[in-house]
S.K.: 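Pasting in a structure now, in structure tokens, and then I'll have a few things to ask.
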Amino acid sequence: MKGNHWGYGKENGPDVWHKNYPVALGSRQSPIDIPHQVSHDPSLGPIVLDYDHCTSINICNNGHSVVVNFDDTDDRSVIHGGPLENPYRLSQFHFHWGGKGCDGSEHTVAGNSYASELHLVHWNAVKYKLFDHAAAAPDGLAVVGIFLETGDDHRWLHTITDAMYMVKYKGSATDFKGFNPKCLLPSSLHYWTYLGSLTTPPLHESVTWILLKEPIAVSEKQLGKFRLLQFTGEEEDQRLRMENNFRPPQPLKGRRIRSSN
Ligand SMILES: CCCCCCc1ccc(S(N)(=O)=O)cc1
Ligand SMILES: [Zn+2]
């Protein structure tokens with residue numbers, strides 16, 4: 001049996017990650033709860049997502065989530081503005097979700113969870129040569145978080161859920177070209193922002209979080225397709241349904257959360 005790798009089960013879940021990743025008990029961990037009252041910062045400009053020339057490459061199951069990877073060898077898809085001092089390159093996006101009828105977002109808003117949370121992961125290629133370097137630096141990453149709530153079918157999400165049959169097992173991947181994540185954005189780009197961390201090991205405290213206030217609607221049927229995925233590989237005896245792959249909110253430890261208008 002391979003080492004006790006981290007996961008979301010009883011034996012290897014968020015409550016024990018600190019054993020192998022002591023930063024789990026650090027001072028800028030994510031996710032967090034966004035309280036009712038957040039200071040509005042008029043100096044915070046709008047976030048700009050320049051994804052018109054983005055190039056998606058593939059969709060894969062990494063044993064923790066379903067991930068769509070992008071070509072980030074140049075500045076073809078970047079975000080800038082808002083709290084960011086540089087443009088940050090889009091590297092990948094992925095989701096976190098719950099079980100049947102259970103919520104699965106990572107961040108919560110005034111104690112309320114959403115059904116799921118989409119993370120658009122970007123890195124500071126101005127200051128760092130490689131994603132892995134940026135992922136370990138305090139100003140290395142910028143992740144845009146979008147809440148998913150259950151409602152009508154999402155007109156563009158089906159292109160992702162339809163591909164999930166091809167990546168059911170951990171370690172599987174398939175081509176996924178021509179997808180522009182702009183189609184997953186809500187109508188308003190109003191956001192909350194704070195300094196935090198990766199929400200999975202290695203839990204590096206390297207993320208400027210930008211959480212969009214407005215959720216997008218997806219249907220229960222579409223969410224159900226996420227749960228066809230498995231944490232386990234095709235060759236493993238255990239068949240573990242991929243669900244509840246979220247870390248609960250962590251202590252704020254005095255951090256300021258700012259709100260765009
Ligand atoms: C040195 C390699 C680090 C790989 C970090 C991969 C990763 C990216 C984003 C997130 S999340 N859920 O905070 O958006 C978690 C993990
Ligand atoms: Zn994530």
Side-chain angles (χ1 to χ4, degrees), residues 5-8 12-14 17-18 20-24 26 28-34 47 49 56-70 72 77 79 83-84 88-98 103-108 113-125 127-148 160 170-171 173 181 184 191-212 215-216 223 226 229 231 242-250 255:
H5 286 300
W6 68 269
Y8 293 95
N12 64 358
W17 288 351
H18 66 92
N20 287 334
Y21 305 93
V23 73
R28 57 174 277 192
Q29 289 291 293
S30 293
I32 58 170
D33 178 58
I34 306 292
I47 191 77
L49 300 105
S56 63
I57 298 169
N58 65 15
I59 185 168
C60 72
N61 175 336
N62 64 11
H64 311 297
S65 182
V66 58
V67 188
V68 174
N69 295 296
F70 287 80
D72 61 359
S77 42
I79 57 168
L84 305 174
Y88 285 64
R89 263 184 211 167
L90 177 64
S91 168
Q92 53 106 319
F93 71 77
H94 63 272
F95 300 82
H96 303 264
W97 60 91
D103 281 340
S105 66
E106 299 212 293
H107 291 87
T108 56
S113 295
Y114 284 90
S116 171
E117 189 171 326
L118 160 60
H119 290 157
L120 296 154
V121 183
H122 309 75
W123 61 286
N124 185 341
K127 283 187 70 173
Y128 307 100
K129 270 195 168 327
L130 300 172
F131 175 90
D132 283 10
H133 294 173
D139 60 351
L141 300 182
V143 182
V144 173
I146 300 175
F147 294 116
L148 278 63
I160 295 173
K170 172 179 179 177
L184 298 176
Y191 62 88
W192 295 291
T193 184
Y194 77 98
L195 297 180
S197 74
L198 299 172
T199 65
T200 69
L203 299 170
H204 291 325
E205 298 187 326
S206 59
V207 182
T208 297
W209 278 95
I210 297 166
L211 293 172
L212 300 191
I216 60 170
L223 269 182
F226 282 71
L229 300 166
F231 282 125
M242 190 178 277
E243 57 187 16
N244 297 307
N245 56 348
F246 64 92
R247 187 190 194 189
Q250 302 300 307
R255 284 174 282 177

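We count ligands from 1, going down the list as the structure has it; atoms in each ligand are counted the same way.
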S.K.: Keeping the roles fixed (side chain from S30, backbone from S197), state whether a donor-acceptor pair exists under 3.5 Å.
M.R.: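 Side chain of S30 to backbone of S197: a pair is present.
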S.K.: Using a strict cut-off of under 4.0 Å between a residue heavy atom and any atom of ligand 1, list the qualifying protein residues by chain and number.
M.R.: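 Ligand 1 pocket, heavy atoms under 4.0 Å: Q92, H94, H96, H119, V121, D132, A135, V143, L198, T199, T200, W209.
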S.K.: Considering the options H107, R28, R255, which one meets the side-chain hydrogen bond (donor to acceptor under 3.5 Å, both in side chains) requirement together with Y194?
M.R.: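 With Y194 as partner, H107, R28, R255 yield a single side-chain hydrogen bond (donor to acceptor under 3.5 Å, both in side chains), made by H107.
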S.K.: For H119, what is the atom name of its N, O or S atom nearest to the Zn ion (ligand 2)?
M.R.: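 Among the N, O or S atoms of H119, the one closest to the Zn ion (ligand 2) is ND1.
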S.K.: Treating H18 as the side-chain partner and A24 as the backbone partner, does any N or O pair qualify as donor plus acceptor under 3.5 Å?
M.R.: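 Judged by distance alone, no pair lies under 3.5 Å.
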S.K.: Could you list the residues that satisfy side-chain contact (heavy atoms from CB on, under 4.5 Å) with T200, not counting sequence neighbours?
M.R.: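 side-chain contact (heavy atoms from CB on, under 4.5 Å) check on T200 returns W6, Y8, H96.
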S.K.: Step by step, work out the side-chain contact (heavy atoms from CB on, under 4.5 Å) result for V66 and W97.
M.R.: CA-CA 11 Å; V66 58; W97 60 91; 4.2 Å; yes
S.K.: Just by distance, with hydrogens left out, do D139 and Y128 show a side-chain donor and acceptor under 3.5 Å apart?
M.R.: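 Yes, Y128 and D139 have a side-chain donor paired with an acceptor closer than 3.5 Å.
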S.K.: To the nearest 0.5 Å, tell me how far L203 CG sits from R247 CZ.
M.R.: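 Here the interatomic distance stands at 5.0 Å.
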S.K.: What N/O/S atom of H94 is the closest to the Zn ion (ligand 2)?
M.R.: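 Going by distance to the Zn ion (ligand 2), the closest N, O or S atom in H94 is NE2.
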